[in-house]
Structures are given as C-alpha cells and as structure tokens.
Novice: 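Starting off with a structure, shown below.
Side-chain atoms are counted along with the backbone in the values below, which use heavy atoms only and exclude waters and symmetry mates.
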Amino acid sequence: MRVMLGCYNHVPDGLPDTSFEELYQACYRPFLSVLNRFPDVQCTVHYSGSLLRRLELRHAEYLMLLEEMVARRQVELLGGGFYAPILPLIPNSDRLGQIELLTTYLRKCFGRRPRGCWLPEYAWEPWLASTLQASGMDYTFLTDSQFAEALGESARPYSPVITEDQGRCLTILPVHDCSAGPGEPQGFVEAIEEMQAAGGDLAVIMAPGEGIRDLWERSGLESPDLYMERTFSWLRNRALELETVTPSRYFKARRQFPRAYFPGMASRRFMDDARSDCLPPSNGMGSVRRAILRSASSSALYSRMHFVHLVIGQLRGDKSRKKTAVDDLWRGQCADAYWDAPSGGIVRPAVRAAAYRALIEAEQTTRPKGSFKPGVVRADIDFDGAKELVYQGIDMNAFIHSRGGAIVELDMIKARRNLCDVFCVEGDGRPPGGASFVDRVFRSRPDDRTLRRPWTGDAGTFSAQSYEERPDPGPGLGVSLFRDGAIDLGGSMRQVALSKRYHFGRKALRVSYELRNLSAEPVLLWFGVETRLGVLDGELESMSLDGKALDPAAAYAGEPSSHEGIGQLRLASSTAPLTLTMATQAPATLALSGIAAETPGGETFQQGLLVFLLWELSLPADGAWHTELALESAE
C-alpha cells in the first residue's frame, strides 16, 4: 500500500508568544527534526503563511531544515490561503490573492511552487475547482466522510477523483483525518492500520500538527521526540508493505482518475458548529456560509470584513497604499476568528481582536492623509436588507444598527480596537453580544439574572425592533432615531415614545435620550441602557465610580454588583492607550458584571464588562424624561 502521510499547521494571530513557543517545542520541532532522521519516509506538509512568518522571526533554523528537506524531495509543501481563511467565506479576488501570496512566499523561500492546495476545515464549494485551477493548483484534499456523502459508502475504499467547474479540472484526494473522527484523535500508526484493514492501494493520512502534543501526552513517553521516533520507526520497519509517497510522486505514476462532483460541504466539526439551534445535526453538507449565522459575533466580523473589502475596492491611483490595505484585510480573514476553531477560535478575545485590528488598520490605510473629513454613510453592511448608519471619524468609528438603535461596533482608531467586541452565543438576528446603548424597559426593577441575559424580561420591544431615522437637528455631526410602541405594565398597555440622538465628537460620543408618555394615564416604569464593553479585567490599571476606586477583579467576578446614584464610571487600561469615561446627567443605579464564554473544549475566556444603567421613572400623561450619556476616550 502507498501511504501519503502529512500534517497541516497553523497558529492564528493573537495567540501569545508563550503559547506559540509551547506548540513549537511540543509539536512543530519534534515532527520535523525526527522526520529528518528518516530520509526514506516522505511527507506532505502545509504551513499557513502567518505561521511561516512567525517561524522565520523566532526559529529561522526550523525553516533552514525545512528547506533542506524540500530540496531533497522528502517533504512536499502545500499551498493555500496565506492567512488560513475559510475560502468560501471571502471574496473571490481575496481568495486568488491569498493563494498567490503563499505560493510566492514558498517559491522564494524554498525554491518550489506548490501544486496542491490545503483547504482549512476541508471547506468546499463546487466553484472552488475553477478558482484553485486558475491559481495554479492541481489537487486538493477532502475527507473520506465527504467522499462518502458525495459518492456513497458502496464506493469504499475511495481513490482520487477529478472534479470540474467551467471546464477547469482539479484532482481531489480522499483524506483520513486523524482528528476528524468520533472519539479521541488517532495517531499516524493507528490511522494507517485502520486504512490497511479497509483495503485499497492508497491511504492519505493527515493530522493537525498542533495535535502532536496531545498524542504524545497520551502515549506516556518521555518526550514528543520519542513519540515521533516510534511512529517513523514503525513505518520504516514496514517498508516492504508500506511505501510513503508525496502527491507529486504519486501523480507521476498515475494521471487518469474517474470524475465526480461534490456539493458544498466542510468538516463535520465545522458544519456541526455552524448549524443553528433550529436545524438537525449536520451531515457535513450544506452551505459553508452557515458558519456566519451561528453567532452574532461571527456575523458582525464577517460583515465588517466585507465592508472593508468594498472600501478598499474604491481606492484608486495609489497602488502602494492599496497593497498595504489589502494585506491587512487578508490578515483579518483568518478562519479562527469566525468560528469555534480547535484553537479556541472566535471565543478567544485575542484572536477576534487581532482580526478587528487588521480590518481597522486596512480601513485607515485607505483614508487620504490630511484631507479626510468625518461623516455618516448609509449602507447595508450586514446583508439584512436594511441600511445601517456608519459614522467614520478621525478618532473613532461607530456602526449603528436600526434594530435596537444600538451601536454594534465602536472602533477606537488609535488603539486599533473595537470596544463592542464581546463574544455572544446568540445567533444572527439580534444585536451582537457587544452592542452598546441598547434600550430596555421593565415594569418592575429587574433582578440580576435579567440583567445578565440580554433581551429577556423586557416589557417593551425597544431592544429588538427597528428604529426610524429622523432628520438630525444638530448642532454638530449626529444621528437621530425614534421609536414608539406599547409596553406591558402587568396587564395594562401604555404607549411610549423613545427618541435618541448620537452626537459624535473627536474622542467623545454623546447620547441624548427623551422618553415620552403618549398615554392619557401616568406611567411607572424602569428604563435601562445596556452597554457591553470588550475591555478585560487583566488589562485595567484602575476602575472608579464617581472618583471612588473599585477593584476591577471584584467588578468582573460573580454576580452583578449594583451601585446607587452613580454619575460616572472610569476605566483606565494599563496595556493599551485607552482610558474610558462613561457619564450620565441623571444619576443612575449602575450594575457591573464580567462577561465570560466557554469554548466547546471547556476552556473559559473572559470577554468584557457589562455596564447597565437603570432609572426608575414616573411619567405623567404626555410627560417626558430627558438625560444624556457620554462615552469619552483619552487614548
């Protein structure tokens, strides 16, 4: 039997250097250094461009060894998207550009142009065949479970097939992925033995390079080097029955394959994570784009990425500036930031922050220096059929959604961060988890549980329904919104109207509120404004309420802590050029609580801070209540 053995390797931007170094010492170094001692064992390897750059910076000796092994044809490198994007989720020009960027990098560093393309999470759409072929790719890989869905179980054992789109052909190899099956991940030896038992003349075995550490720890051996040595020794000892080959060597001996077509699909773990709660478990098939509907956070980042793509497309004349902006855009397309990847993915604040930082940087690059004028544009950036309001300023950006009249992204330009970047498990169709200035109405004082669960327990629909834009009266640059509706006050319905105006300054955002009773009877209610800030307790140097110091660790821990008659909250960061002050004209009850989220693997990450301002109001017939909130930055 011929065995095509390999691994794929990627570390997302945002992963700290300590975590990268642990992966290098436990995974990347043992695999390659031990493989080097077995020149008769051939392997196929993929590295994302972002990982190669990190290795080039911190471990240049690793790339030197890799270059030597590529030169003697022991290792064949695979191409793909430079920043490991899910290819069906990004625009076509970015797909072609990212693939060509990694191809150029590999050709310059290792002297060989890759002919095979690696697809993160085996994310496939039928039109990818022509895209990859146009990028100079001859083959790619899909899992044996994807082959089963397309060809049927009766076709086992699977062999390579040709697929085609618009007359352009691509060879697809069936992969047994050591990490994709049910139960614990397999080692190379166990996977090969399973494939031998299934029969066939070719076994394609791939595994994530980052999984070597777990396999070594389970083996009980003293070091990952010993684990890899045992694996490669097993292969060498069976050289008479098993021959390791690279794809290029295999294709030289055989070029004709049957034709097959594959529907849109991805790995089971990706599709299962992408499914919404109202759908049955995925069989690995369906639109890969369902991933962006799984959480409001992934949908928001996806929308932001496409908005920046359109902004860059309007840049004319300055090729150097456009090239810089495009590279930043591509960095913001890293797949880990869009779903619950094995690395922690979208649940990791640092991974999302890296993507937003790249996208903000890309947009900033497109702006003409010295002549940019702040303004408000209207565009449907989240593809829901309604236009959003986008304020683009010198020191901040604000994206205002008609649903809830809330700010769904608030960029601090100098700090290159989105203050609304808070992960939320809520699906698409509600404001993202980090929405700011969400308006909520209650018939009685809400308890702590209600405060911690957004959009539940409201007497009205202000937090979830669309606001109407009104002509802005000024002064200055602003946006005026309005909504009226009935609220349920325990069996009696009252009509109220809410007007809010966002006023944008250089480093300050002010929100003016008017709540008016439209009923002929008085109204007694509780009005709340909910803001979720993507600021972590570990990066805060100080926190204070009306000038009185508050322990950040205590504020982020446990149940919400309530404070009466508060007029100002101040947060000062020790790790970023950012100091925030949130103030209200009418003193309020202030509830603070940390926000956390858990990965599918059970790891918990702090996400940010819930700030909830609450007022008890008694409005006479046709009476009104006013206040103004301010969020200022001293970045």
Novice: Side chains of Ile394 and Ile413: does their closest heavy-atom pair fall under 4.5 Å?
Specialist: no

Novice: I need the Leu419 CG to Ile407 CD1 distance, nearest 0.5 Å.
Specialist: 10.0 Å

Novice: Charged N to carboxylate O below 4.0 Å: is that the case for Glu361 and Arg357?
Specialist: no

Novice: Calculate, to the nearest 0.5 Å, the distance between atoms NE2 and CG belonging to His401 and Asp384 respectively.
Specialist: 4.5 Å

Novice: Just verifying a value: how many Å separate Leu77 CG and Leu66 CG, rounded to the nearest 0.5 Å?
Specialist: 5.0 Å

Novice: Could you check whether Arg501 pairs with Asp472 (Lys NZ or Arg NE/NH1/NH2 to Asp/Glu carboxylate O, under 4.0 Å)?
Specialist: yes

Novice: Calculate, to the nearest 0.5 Å, the distance between atoms OH and OH belonging to Tyr47 and Tyr105 respectively.
Specialist: 12.0 Å

Novice: Would you mind checking if Arg269 and Asp177 are paired as a salt bridge, meaning a charged N to carboxylate O distance below 4.0 Å?
Specialist: no

Novice: Is any side-chain heavy atom of Val390 less than 4.5 Å from a side-chain heavy atom of Val376?
Specialist: no

Novice: Considering only heavy atoms from C-beta outward, does the side chain of His10 approach that of Trp118 to under 4.5 Å?
Specialist: no

Novice: Do Lys500 and Phe437 form a cation-pi contact, if we require the NZ or CZ to be under 6.0 Å from the six-membered ring centre and within 45 degrees of the ring's axis?
Specialist: no

Novice: For Glu100, is there an ion pair with Arg113 - N to carboxylate O distance below 4.0 angstrom?
Specialist: yes

Novice: Between His46 and Leu78 (side chain of the first, backbone of the second, donor and acceptor by atom type, cut-off under 3.5 Å), is there such a pair?
Specialist: yes

Novice: Hey, mind stepping through Asp328 and Arg416 against salt bridge (charged side-chain N to carboxylate O under 4.0 Å, His left out) and telling me if it holds?
Specialist: CA-CA 12 Å; Asp328 287 325; Arg416 296 294 194 266; over 6 Å; no

Novice: Do any side-chain atoms of residues 125-132 form donor-acceptor pairs under 3.5 angstrom with protein atoms, and if so which ones, sequence neighbours left out?
Specialist:
| residue | atom | partner | partner atom | Å |
| --- | --- | --- | --- | --- |
| Ser130 | OG | Trp127 | O | 3.0 |
| Ser130 | OG | Asp165 | OD2 | 2.5 |
| Thr131 | OG1 | Trp127 | O | 3.4 |

Novice: Output, in order, the C-alpha distance, side-chain angles, deciding distance and verdict of side chain to side chain contact (heavy atoms under 4.5 Å, CB included) for Tyr391 and Asn397.
Specialist: CA-CA 6 Å; Tyr391 166 73; Asn397 295 329; 5.7 Å; no

Novice: Do Asn418 side-chain atoms and Leu410 backbone N/O form a donor-acceptor pair below 3.5 Å?
Specialist: yes

Novice: If I compare all heavy atoms of Cys117 with all of Thr140, which pair ends up nearest, and what's the gap?
Specialist: O-OG1, 2.7 Å

Novice: Are Leu142 and Leu119 packed together at the side-chain level, in the sense that at least one heavy-atom pair is separated by less than 4.5 angstrom?
Specialist: yes

Novice: Is there a side chain to side chain contact (heavy atoms under 4.5 Å, CB included) between Arg352 and Gln607? Walk through the geometry before answering.
Specialist: CA-CA 11 Å; Arg352 294 194 314 273; Gln607 299 294 320; 2.8 Å; yes

Novice: Which is it for Thr531 and Val438 under the side chain to side chain contact (heavy atoms under 4.5 Å, CB included) test, yes or no, and what are the steps along the way?
Specialist: CA-CA 7 Å; Thr531 294; Val438 178; over 6 Å; no

Novice: How close do Leu540 and Met543 get, counting heavy atoms only, and between which atoms?
Specialist: CD1-CE, 3.8 Å

Novice: Closest heavy-atom contact between Gly385 and Asp380?
Specialist: N-OD2, 3.0 Å

Novice: So do the side chains of Glu632 and Thr579 get within less than 4.5 Å of each other, counting heavy atoms only?
Specialist: no

Novice: Taking the six-membered ring for Trp, are the ring centroids of Phe605 and Phe423 within less than 6.0 Å of each other?
Specialist: no

Novice: State plainly whether the residues Glu61 and Arg29 are in salt-bridge range, i.e. N to O under 4.0 Å.
Specialist: no

Novice: I'd like to check the side-chain contact (heavy atoms from CB on, under 4.5 Å) partners of Pro85; sequence neighbours left out, ordered by chain and number.
Specialist: Leu87, Ile90, Gln98, Gln333

Novice: Only counting residues at least two apart or in another chain, list the ones meeting side-chain contact (heavy atoms from CB on, under 4.5 Å) with Ser303.
Specialist: Ser299, Asp382, Phe383

Novice: Which heavy atom in Gly209 sits nearest to a heavy atom in Cys7, and how many Å separate them?
Specialist: N-CB, 4.2 Å

Novice: Between Leu536 and Pro349, which heavy-atom pair has the shortest distance, and what is it?
Specialist: CD1-CB, 4.3 Å

Novice: Any side-chain heavy atom of Trp330 within less than 4.5 Å of one from Phe82?
Specialist: no

Novice: Can you list everything that forms a side chain to side chain donor-acceptor pair (under 3.5 Å) with Glu598? Sequence neighbours excluded, please.
Specialist: none

Novice: With rounding to the nearest 0.5 angstrom, report the CE to CD1 distance, Met305 to Ile292.
Specialist: 8.5 Å

Novice: Please find the pair of heavy atoms, one from Glu363 and one from Val308, that lie closest to each other, and give the distance.
Specialist: N-CG1, 4.3 Å

Novice: Under 30°, 30 to 60°, or over 60°: which ring-plane class applies to His306 and His309, parallel, tilted or perpendicular?
Specialist: perpendicular

Novice: For residues Leu52 and Leu106, determine if any side-chain heavy atom of one lies less than 4.5 Å from a side-chain heavy atom of the other.
Specialist: yes

Novice: Establish, for the pair Arg54 and Phe20, whether the NZ or CZ atom is under 6.0 angstrom from the six-membered ring centre and no further than 45 degrees off its axis.
Specialist: yes

Novice: Just to verify, what does Ala341 make a side-chain contact (heavy atoms from CB on, under 4.5 Å) with, not counting sequence neighbours?
Specialist: Asp336, Trp339, Ser343

Novice: Please walk me through it: do Thr103 and Met137 pass side chain to side chain contact (heavy atoms under 4.5 Å, CB included)?
Specialist: CA-CA 10 Å; Thr103 297; Met137 298 296 150; 3.4 Å; yes

Novice: To the nearest 0.5 Å, how far apart are NZ in Lys322 and OG in Ser320?
Specialist: 13.0 Å

Novice: Salt-bridged, Arg417 to Glu539, with N to O below 4.0 Å?
Specialist: yes

Novice: Tell me whether Arg112 contacts the main-chain N or O of Cys109 through its side chain, where contact means a donor paired with an acceptor under 3.5 Å.
Specialist: no

Novice: Is there a side-chain contact between Tyr24 and Leu55 (heavy atoms, below 4.5 Å)?
Specialist: yes

Novice: Are the charged groups of Arg58 and Glu21 less than 4.0 angstrom apart, N to O?
Specialist: yes

Novice: Of all residues at least two apart in sequence or in a different chain, which pass the side-chain contact (heavy atoms from CB on, under 4.5 Å) check with Ala355?
Specialist: Leu301, Ala337

